[in-house]
Undergrad: 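One structure, as structure tokens, below. Some questions next.
Because only heavy atoms are used, hydrogens play no part in the values below, and waters and symmetry mates are left out as well, while side chains stay in. Here is how names work: the chains are called A, B, and so on, in the same order as the sequence lines, proteins then strands, and each is numbered from 1. Small disclaimer: the values here were computed from a predicted structure and weren't measured.
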Amino acid sequence: MSLERKDEHDHKGWMESRELTPVESVYLTVLVWLDRRLRIVDYLEILEDLYYKVNMQMPKSHTEQYNLDNKFWYWYPLYALGSFSTVAYVVAAISGALLGFYYAPAAAAADGSPTIAYDSVLLIMGQLNLGYFLRSVHRWAAQIMVAAVFLHMLRVYFTGAYKEPRELNWLIGIVLISLTLVFGYTGYLLPWSQLSFWAGQIGVEMSLSIPLIGEWVAQLMFGGFTLSQATLQRMYILHVFFLPFITTAIIAVHIGIVWMQGIAEPH
Amino acid sequence: MSDNDNDDVRTDGSGTGIVSPDDETPAWSERKERTQGLSRLTYEYFERARREDQDLRQQSDYVERDVLAFPAWPHEMMRNIALTSFFVGMILFVSATLPPEMPNPANSSVTPAIILPDWYLYWSFGLLKLGPLNPDLSILGGSKLMADRTYGVLANVVVVGFVAIVPFLNKGSARRPVEQPFWAAVGMSGVIFSLTIAALSIKNLVPMDSHLLFDLTFLVPIVSATITYAVLKTMREGYMFDLNRRYYRLRPPK
């Protein structure tokens, strides 16, 4: 038994069966040699696809195919809201990472004197070159993401896109919209301003009012029953460490499922 | 690649789905079959290689997926890339024009007149103010079953829970509001309720008697749901007739 690998498709025999000029046979030998190692054929297929897509017409869209574009329900722009929230998420992530260089989640006093956290936000807005703009971008990206996510959910609801094969993605979407809200909540607590403080107060009271596990939840999420440095630190870690990883992973799964299942059109 | 050249146009994601602009334009395979020399040789080799892959695929338990839907690539993405650039530009423009303000530093001794979260949590905050709906039980001597705050937190769970189980309640293949007036009305009442409950959470700012506002919070969604239902029911007959006639002619039901 030979240890040599068998050429299952007999390229050699195929080449010998043809009358090839020396140039051709050298060329073909090299081509086969490379292709057997690097699978060039796969990449060529991609190029070929690209060629098609550039030079030929696209297939008819759903609206064109069924001549539906005169129907008011085909709110096409609303089908971009999912992408919009993703884009806003990416913009917020980038600007947030840059803000993270300058922000310090420290010394959360509640007596009206500016804290390190508050001062660092003031520094970003007052001293840092383009800092005001950076914070503005981060804040607006967050606002727009929340708005887009809400509208995206409405679109999915009213076009029945949550139906049969897509229930799982609807549930994942519920998780994502909740995470978005938690993201926003932990975010606007960080500057430790009056809004942050009193919104944090509402949060503590809400968790305390949960039956049985309320105190435990308050300890876990807010680091105690009153707002303090521990609260700020936990919100910071949630906002810049936990939530980004979790949310990004779930968004990837959400989009992956959309990719596999295709966009649900209103039939 | 060219095995479905003669078929009808398909947009279900199978095949390339690409159409020649007219009959004179040669297909890709025709273009390549006409070539000479090394490129012709390359073509023949790759055709062989492709057939090998095809054989392997047929031998294995590889199954081609056939999901009937609008393909994400390239249809969605081509447009999305253009929209993305526009959208990012819009974010930058808005943030340059409308920069954020900075409230005073946190101060536990100065309670603001109006305590509010950010706007997107108004609905949740409004649910915390549903104390008046918390039932008094006669067996408990008229005292409340649970604290008002607990009741409000529970309301949040109920709302999110209901939204989550919608796909398991609403079955069938209907997709448009006109096809399912009831669920469209439910959705409409939900949308309006999220707005009215948000208004309830800022009741100090709304120039209206707070009892009236509380009643309207629940009344307006019901009224709008009724109107939605009536309108869609009315539209349904004529609308569905036209639509189904065209639809079933193209794709007869199995």
Side-chain angles (χ1 to χ4, degrees), chain A residues 9 24 27-28 31 41 44 52 56-57 59-60 62 65 73 80 83-84 87 91 110 112 114 118 125 132-133 135-137 139-141 144 146 157-160 162-163 167 170-171 174 181 184 188 192-199 202 205-206 209-211 259 261-267, chain B residues 9 11 13 16-21 28 38 41 45-46 49 52 67 69-72 74-76 80 83-84 87-88 91-92 94-96 99-100 102-110 112 115 117-118 120-121 147 149-150 153 160 163-164 166-168 174-177 184 187 191 246 250:
Chain A
H9 296 282
E24 280 174 347
Y27 168 76
L28 209 50
L31 185 67
V41 64
L44 277 226
Y52 262 126
M56 301 280 199
Q57 281 182 2
K60 281 181 176 173
H62 180 263
Q65 196 174 357
W73 52 263
S83 317
F84 277 178
V87 171
V91 171
Y118 189 85
M125 291 172 71
Y132 210 109
F133 181 67
R135 172 151 189 259
S136 187
V137 168
R139 193 171 156 71
W140 275 109
I144 288 172
V146 174
Y157 180 87
F158 282 108
T159 57
Y162 54 81
K163 283 189 169 185
E167 299 101 327
W170 175 259
L171 293 180
I174 303 280
L181 296 182
Y188 68 75
W192 212 244
S193 62
Q194 277 288 68
L195 170 72
S196 319
F197 186 84
W198 293 100
I202 299 172
E205 282 172 21
M206 274 183 80
S209 68
I210 301 172
W259 192 282
Q261 296 185 329
I263 309 288
E265 318 154 54
H267 277 294
Chain B
V9 179
T11 51
T16 58
I18 287 154
V19 208
S20 307
W28 176 252
L38 294 183
L41 208 55
Y45 167 69
F46 280 131
E52 287 160 19
V67 178
F70 206 54
H75 300 67
E76 292 299 307
N80 287 354
L83 288 177
T84 299
F87 190 68
V88 172
I91 293 182
L92 297 183
V94 170
S95 23
M102 191 67 180
N104 293 323
N107 191 343
S108 60
S109 56
V110 179
I115 300 175
D118 225 352
Y120 43 82
L121 291 173
R149 284 190 315 186
T150 314
V153 172
V160 175
V163 174
V166 159
F168 305 98
R175 289 257 187 239
R176 303 166 207 155
V191 173
R246 189 183 294 126
L250 280 160

Undergrad: Given a strict heavy-atom distance threshold of 4.5 Å, which part of A:Trp170 is in contact with chain B: side chain, backbone, both, or neither?
TA: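 It is the side chain, since no backbone atom gets that close.
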Undergrad: Would you say A:Gln194 and B:Asn104 make side-chain contact, with heavy atoms under 4.5 Å?
TA: yes
Undergrad: Is A:Tyr157 close to chain B through its backbone or its side chain, or both, or neither, when contacts mean heavy atoms under 4.5 Å?
TA: side chain
Undergrad: Against chain B, label A:Tyr162 side chain, backbone, both or neither, depending on which of its atoms sit under 4.5 Å from a heavy atom there.
TA: both
Undergrad: Among the options B:Val166, B:Asp118, B:Leu38, pick out the one with the most heavy-atom pairs lying under 4.5 Å from chain A.
TA: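 Most heavy-atom pairs within the cutoff with chain A belong to B:Asp118.
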Undergrad: Given side chains that start at C-beta, do those of B:Val191 and A:Phe158 come closer than 4.5 Å, heavy atoms only?
TA: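 The answer is yes, as the side chains (C-beta and beyond) meet within the 4.5 Å cut-off.
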Undergrad: Report the option among A:Ile210, A:Leu195, A:Leu181, A:Leu31 that has the most heavy-atom pairs separated by less than 4.5 Å from atoms of chain B.
TA: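 Looking at each of A:Ile210, A:Leu195, A:Leu181, A:Leu31 in turn, A:Leu181 comes out on top.
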Undergrad: Is chain B contacted by the side chain of A:Val137, its backbone, both, or neither, given a heavy-atom distance below 4.5 Å?
TA: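 When you check distances to chain B, atoms from both the backbone and side chain of A:Val137 fall under 4.5 Å.
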Undergrad: If we define contacts as heavy-atom pairs under 4.5 Å, which of A:Arg139, A:Met125, A:Glu24, A:Met206 has the most with chain B?
TA: A:Met206
Undergrad: For the residue pair B:Pro99 and A:Phe133, establish whether any side-chain heavy-atom pair is separated by less than 4.5 Å.
TA: no
Undergrad: If you define the side chain from C-beta out and look only at heavy atoms, does anything of B:Phe87 sit under 4.5 Å from A:Val91?
TA: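 Not in contact.
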Undergrad: Need one label for B:Leu121: side chain, backbone, both or neither, based on atoms under 4.5 Å from any heavy atom in chain A.
TA: side chain
Undergrad: A side-chain contact here means heavy atoms from C-beta on lying under 4.5 Å apart; do B:Pro117 and A:Ile202 qualify?
TA: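 Sidechains of A:Ile202 and B:Pro117: in contact.
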Undergrad: Looking only at heavy atoms and a cut-off of under 4.5 Å, which of A:Pro211, A:Ser193, A:Gly160, A:Gly184 has the most pairs with chain B?
TA: A:Ser193
Undergrad: Do A:Trp192 and B:Pro105 have side-chain heavy atoms sitting under 4.5 Å apart?
TA: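 They are not in side-chain contact.
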Undergrad: Please examine the side chains of A:Arg135 and B:Pro100, heavy atoms only from C-beta on, and report whether any two atoms are closer than 4.5 Å.
TA: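 Result yes, sub-4.5 Å side-chain heavy-atom pair found.
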Undergrad: As an exercise: rank A:Leu28, A:Leu171, A:Val146 by heavy-atom pairs under 4.5 Å with chain B and give me the winner.
TA: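 Going by pairs under 4.5 Å, I would pick A:Val146.
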Undergrad: Could you grab the distance from atom CG of B:Leu41 to atom OH of A:Tyr27, nearest 0.5 Å is fine?
TA: 7.0 Å
Undergrad: Examine whether an atom of B:Tyr45 lies under 4.5 Å from a heavy atom of chain A, and if so say whether it belongs to the side chain, the backbone or both; otherwise answer neither.
TA: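 It is both, since atoms from each part get that close.
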